[in-house]
There are 2 protein chains.
Amino acid sequence: MGTDRYVIGVDYGTLSGRALLVRVSDGAEIATSVFEYPHAVLESSLPKSGAKLPPDWALQVPSDYVDVLKKTVPEVLKLSSIDPEQVIGISTDFTACTVLPVKKDGTPLSEVEEFADNPHAYVKLWKHHSAQPHADRITDLAHHRMEPWISRYGGKISSEWEFAKALQLLEEAPEIYNAMDKWVEAADWIIWQLCGEYVRNVCTAGYKGMFQDGNYPSKEYLEALNPKFRNFISEKLDHKIGQLGAVAGVLSEQASQWTGLPQGIVVAVGNVDAHVTSAAANAVKPGQMVAIMGTSTCHVMVSDVLAEVPGMCGVVPGGIVAGKLGYEAGQSGVGDIFAWFTSNFVSEEYQRQAAAEGLDVHDYLSKLAERQPVGAHGLVALDWQSGNRSTLVDHQLSGLIVGMTLATKPEEIYRAIIESTAFGAKKIVNTFNESGVPVKEFIAAGGLIKNKFVMQIYADVLNMPVTIIRSSQGPALGSAIHAAVAAGAYSDVVEAAGVMGGVEDKKYLPDPQNAKIYGEIFRHYDALYESFGHNDMMHNLRHLRDQVLLGEINNA
Amino acid sequence: MGTDRYVIGVDYGTLSGRALLVRVSDGAEIATSVFEYPHAVLESSLPKSGAKLPPDWALQVPSDYVDVLKKTVPEVLKLSSIDPEQVIGISTDFTACTVLPVKKDGTPLSEVEEFADNPHAYVKLWKHHSAQPHADRITDLAHHRMEPWISRYGGKISSEWEFAKALQLLEEAPEIYNAMDKWVEAADWIIWQLCGEYVRNVCTAGYKGMFQDGNYPSKEYLEALNPKFRNFISEKLDHKIGQLGAVAGVLSEQASQWTGLPQGIVVAVGNVDAHVTSAAANAVKPGQMVAIMGTSTCHVMVSDVLAEVPGMCGVVPGGIVAGKLGYEAGQSGVGDIFAWFTSNFVSEEYQRQAAAEGLDVHDYLSKLAERQPVGAHGLVALDWQSGNRSTLVDHQLSGLIVGMTLATKPEEIYRAIIESTAFGAKKIVNTFNESGVPVKEFIAAGGLIKNKFVMQIYADVLNMPVTIIRSSQGPALGSAIHAAVAAGAYSDVVEAAGVMGGVEDKKYLPDPQNAKIYGEIFRHYDALYESFGHNDMMHNLRHLRDQVLLGEINNA
């Protein structure tokens, strides 16, 4: 083992970071370590001052990310007992768009004394959704001006992305906007901490920063949004772009002290959790759609064809694999919808019975639901409890369920909710198929792959085999693969993925009878989708809710 | 007290019967006693043979009704310590349409040895819903032939009623159909047991038996349904009609032995639980809508005007009060929808917290829900978990809820469900208003009047004061009032109701601000109502469910 070479991938999730030590020669996962962010997600108040945050805010504290490096990398070295000198590279992947304002040297404004009490000085996490009005203006103006790049994003710019969050910053906290030198993706900021070099990765620049074919949106467009936004790109955003799997720099002395890794080893360009997972599943060829299924689902797929897919999150040249077009789509709620249901709507009797059988509530409900044939619950639901990311790109939508009778049981609603997310995935697959970017394989990754009941429903609903990623640490392995490429161990990501990544041999195959019945139910899902996706009811209900709650605040 | 006169009202509900001893002079409720039917509702199998029942069946055992007389009447006499000779009359009210096949002497066919194992020989309870295909044919043919009576039933004949259940009997069990001499409402059968006289009360004959202006549907119409049904009326149904509050006969020797009441006292004509409640609430004038709110809700109102109200259950001359037109509408699920939710979808944590505060789950959820302003949950639901009785008259419809987010809590869905039933009531009130039969007062009776939270929501949603019946035993008191009239203590039901019935002084008044917001939400309810009430989705989902379940039975 003394001559083996290793790489480290660090996966930054929503609540924790994970390091994985991987053998370069075969992708063997040697050791892993997780560290939960001490500040988790700030959704109601700031840590020191306790200042309250408005609804739909979600912030993070950048030092938590550095703490992940300090805790997890030494831990995997210790667990594996390898010589750190055998590690030839490190890379990271991150949630996105997760973005922060920094000084020229990379210091986050939240760490500048005078701004520490200003919420806008903190990292805005991907699920910070309060820039929706700004996103709406960005989208509307793009269509009005017929900006060429808008079709690359399925016709809609998300409130989660760099421009919406930056415009919110400019308009709600100009003092922070003016004080920042750079508006930086956390995916790149953490690489900056490792190697002292700021390189803007092509993935987030493209998907989240509207960087297309070497250009950003024009100054004239930005000026029309807000005159003070005119020079946003040149003054705050534009920077050297790095390709995925390329070298960002080498490990700094400080980062070497944090991690215990040798100074000077390769640090690869930053990347995004979903996008690196394609490499981990060795699913980097056109037509291989990788679905990273957890609290939400992200769908990524490479292609040789440039097409306009309605409501996709984006298509970015080199956005997943250098030299290919990378497509992304997503579902904003999946596992979190299942968790919402089981946490709130499962009776004491069920919980007691589950405990008596030694099952968690998910497994107990799955066991009960499995006994019923497909279609026997008479239900169909829309999976929009957390909005719709594709194909409608509308975070103001909400959940719906139809078909309940007095005989409807929790396991039936649970099953209908799982099915609704599978129908949502089918809608995305159909949209790609209809847009000239056919989906030929469906590969599942993420936390939900452990749930056989869910996987079989997806196979039956999609009427396609569902292949399962081999690694249970897909993103961290994907990052490690990119580190191996950057370190020169492989010629490119496709080659490295072929050796270090892969899928399970066993697939979930669709049951023809179930697939047929799901075809029937999907017609109803689709009718609800088209109706409630385009009528105003959900928007009006939410607007009324917000008005009422605001009224209450005023009256208090 | 020795010179006071008394009457007894017996209320036959779905699961039990209740006797109430009432003072004639002022309606004072002296004593009450309840007896639960030993056989309750037969929904899955027959009592002796264990023979399985198909879905949507609901049967009862007639001897249970007699047992109520034997248990409860002696008990109220005992509890009150009055001299039985002071009782001058007895009357009953019943669920409807609850109907049974009998021999000439009133013997139920289920008590005839050779038929005891035949489900069709038993009482078909109101909520026996498996005659829907027969009801559909009855309705369709009536429209096709432009039968004049169909408009008296809002354009639809229910699967619950006498003709649908009889046609099912004819076609599924001709041996029972042929063996029966009479197809009798339980409301009349129990009176027959008390006085030995079969009198068909005008209320069920009109609302459930399509008896209008002295006529039933024609032989030609019945023959077109099924040639063997041609003489159904003359051979099985037609019989002497009795007005409400009239004398059916006098107490028989046998019934005197069962009850301990003096032989020969007046027995009034049978009646229906909802309809007698108008008298108990002294709400027997045009424009006073009485809503009997329990597991389901029945709306009754008298009027001088004959109008066609879409989707009403019926308009019957003398159907509530002799000499007036009686209108009926209904909601097939109300309290049972609340119970369905609390029994199945409230978490252990909530149940524990409710117990810790000494509250039942309904009250605990109400307490939590009350803290939120109206509209703050962002939800709207359709109250069709048990189908829709008015205005759509469609038991194949199902529940719907829209607007859920990951922050939606059980108390919010609970509130939305309560609101949905209030919107359902508003839809009925609006339909009456728009049809020339204006609703001027809304009087609530039934088990749900105890729930202040529910009553206030109804006042706010209806944007009308909600008045509450004084008696907590509305139907039994209503029956007692009819007994007093039959016994000659009052000239008519209106006079008796004015003395013996009444409402609480305190009303629930609508809050103007809440009413305004509910007006907004009702627009969405109404849009869902019109859309899902007339598109095929709920029917298709149910049909698919039934197909799947049937397939499973075949494969088993």
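Model, not experiment: these values are computed from the prediction. Sequence lines set the chain letters: A, B, ... in the order given, protein chains first and strands last, and positions in each chain run from 1.
- B:Ser347 is not listed as a side-chain neighbour of A:Asn344, based on a closest heavy-atom distance of 4.5 Å or more.
- Inspection of non-hydrogen atoms places no residue of residues 353-370 of chain B under 4.5 Å from chain A.
- Within residues 524-533 of chain B, the residues having any heavy atom less than 4.5 Å from a heavy atom of chain A are, in residue-number order, B:His524, B:Ala527, B:Leu528, B:Phe532.
- For the set B:Leu397, B:Leu400, B:Ile413, the count of heavy-atom pairs under 4.5 angstrom toward chain A peaks at B:Leu400.
- A:Tyr350 does not touch chain B: none of its heavy atoms, backbone or side chain, sits under 4.5 Å away.
- Interatomic distance, A:Asn540 CG to B:Glu520 CD, rounded to the nearest 0.5 Å: 7.5 Å.
- Residues forming a side chain to side chain contact (heavy atoms under 4.5 Å, CB included) with B:Glu412 (at least two apart in sequence, or on another chain): B:Gln372, B:His377, B:Leu379, B:Thr408, B:Lys409.
- Looking only at heavy-atom pairs under 4.5 Å with chain A, the residue among B:Ala376, B:Ser386, B:Ala339 that has the most is B:Ala376.
- Between the CE atom in B:Met537 and the CD1 atom in A:Ile521 there is a gap of 11.5 Å [rounded to 0.5 Å].
- For the pair B:Ile401/A:Met404, a side-chain contact is recorded, criterion being any heavy-atom separation below 4.5 Å from C-beta on.
- Qualifying side chain to side chain contact (heavy atoms under 4.5 Å, CB included) partners for B:Arg545, counting only residues two or more places apart in sequence or in other chains: A:Thr405, B:Arg542, B:Leu549.
- Checked by atom type and distance alone, the side chain of B:Glu348 never pairs as donor or acceptor with a backbone atom of A:Gln351 at under 3.5 Å.
- Among A:Ala381, A:Ala407, A:Ser398, the residue making the largest number of heavy-atom pairs under 4.5 Å with chain B is A:Ser398.
- Put simply, of A:Gly387, A:Gly378, A:Pro410, A:Gly333, the one with the most heavy-atom pairs under 4.5 Å next to chain B is A:Pro410.
- At distances below 3.5 Å, not a single donor-acceptor pair connects side-chain atoms of A:Gln385 with backbone N or O atoms of B:Leu406.
- B:Val548 is listed as a side-chain neighbour of A:Ile517, based on a closest heavy-atom distance under 4.5 Å.
- Atom CD of A:Glu349 has 12 or fewer heavy atoms from other residues, nucleotides or ligands within 6.0 Å.
- Interface remark: of the candidates B:Asp336, B:Val380, B:Ile337, B:Val402, B:Val402 forms the most heavy-atom pairs closer than 4.5 Å to chain A.
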